[in-house]
Amino acid sequence: MDSIHRPRTAPAGRRAAACSGIASMLTLTLTFGFGFAAHAAAVQPVAEPSTLTWGETKTYGDGLAVTVARPTAFTPSATSAGHRAGNQAVAWKVTLKNATGEAFETVLVAVYAKYGKAGEQAERVFDAAKGIEGGFEGSVSPGRSATVTYVFDIPRAGTEMLDLEVVPQVITHDGTHWVGSLHPRAGRV
C-alpha cells in the first residue's frame with residue numbers, strides 16, 4: 001500500500017535531458033544577455049544578402065553602418081598563422097559606425113572571405129607581429145566607430161574575384177557582401 005501513495009518520479013534519463021535543456025537555455029541567456037522570447041520582435045527577417053563594392057556603406061534599419069575598404073595585399077611575418085607560401089594574403093579594413101542610440105555589442109560580428117568563380121572559403125590569417133590578432137572586441141558606443149583589419153589567405157589566381165561578407169550581429173542583422181578584385185583593372189571599380 002505504501003507504493004500507491006508515493007509520487008511517481010521520471011526516469012533518470014528523462015530528468016537529465018530536462019535539466020540539460022534548462023541549463024542550455026540559461027547558458028544562452030547568460031552568455032548573450034537576453035532570452036530569445038524577449039527579443040523576438042527585434043529579429044529582422046532573413047532576406048537575400050545585399051552586395052556592394054569596396055568603399056560602399058551598408059546602413060541597417062537600426063542605424064548601424066558597415067563599410068569595407070578596398071582590399072590591399074598583405075605580407076605576413078614569418079610567425080603568422082593561416083598563410084601558405086605562394087598564396088596572397090589580402091587585408092580588408094572593416095568599420096562599424098554606431099548610430100543606434102545604444103552601445104552595440106561586437107561579440108557576434110562575423111566576417112567571411114570567399115574567392116574565385118566557385119566561391120571557395122578563404123582561411124583567416126593571424127599575425128601578432130603585425131597586429132592582426134582577432135576581430136572586434138567589446139562594444140561600440142553610440143555615435144562612435146570601430147575599425148578592425150581582417151586578413152585572409154587567397155590563392156593568387158583567386159584574387160580577381162573576392163567576396164567579403166560581414167554579419168554585424170548573427171541574430172538580428174543579415175550579412176552583406178562586398179565584391180570585387182584585389183587589383184582593379186583600369187576603368188573598372
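Keep in mind that the numbers below use all heavy atoms, side chains included, and drop hydrogens, waters and symmetry copies.
Checking side-chain atoms of K114 against main-chain N and O of E165 turns up no donor-acceptor pair under 3.5 Å. Looking only at distances, no side-chain donor or acceptor of Y150 sits under 3.5 Å from a matching main-chain atom of R124. Between the side chain of Q121 and the backbone N or O of A113, at least one donor-acceptor pair lies under 3.5 Å. Judged purely by atom type and a 3.5 angstrom limit, D127 uses its side chain to pair as donor or acceptor with the backbone of S77. W54 places a side-chain N or O within donor-acceptor distance of the main-chain N or O of S181, the cut-off being under 3.5 Å.
Taken from OG1 in T67 to CG in L96, the straight-line distance is 9.0 Å, to the nearest 0.5 Å. The CG atom of D174 sits 7.5 Å away from atom NZ of K58, with the distance rounded to the nearest 0.5 Å. To the nearest 0.5 Å, atoms OG (S139) and CZ (R144) are separated by 11.5 Å.
Within the 4.5 Å cutoff, the side chain of T149 has heavy atoms near those of the V151 side chain. Put simply, the side chain of D62 reaches to within 4.5 Å of the side chain of H173, judged on heavy atoms.
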Run the side chain to side chain contact (heavy atoms under 4.5 Å, CB included) check on K130 and F74 step by step: do they pass?
CA-CA 10 Å; K130 292 197 171 186; F74 181 85; 3.7 Å; yes
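Pairs passing the salt bridge (Lys or Arg N to Asp or Glu O under 4.0 Å) check and including a residue from residues 145-158, sequence neighbours excluded, do not occur.
With V166 as the fixed residue, the side-chain contact (heavy atoms from CB on, under 4.5 Å) test singles out one of L52, T95, V94: V94. Considering T53, T51, D163 as possible partners of H177, the one that fulfils the side-chain hydrogen bond (donor to acceptor under 3.5 Å, both in side chains) test is D163.
Taking both residues in full, the closest heavy atoms of W178 and V66 are given as CZ2-O, 3.4 Å, listed atom of the first, atom of the second, then distance.
For the 3.5 Å distance criterion, the side chains of T100 and Y60 fail to qualify, holding no donor opposite an acceptor.
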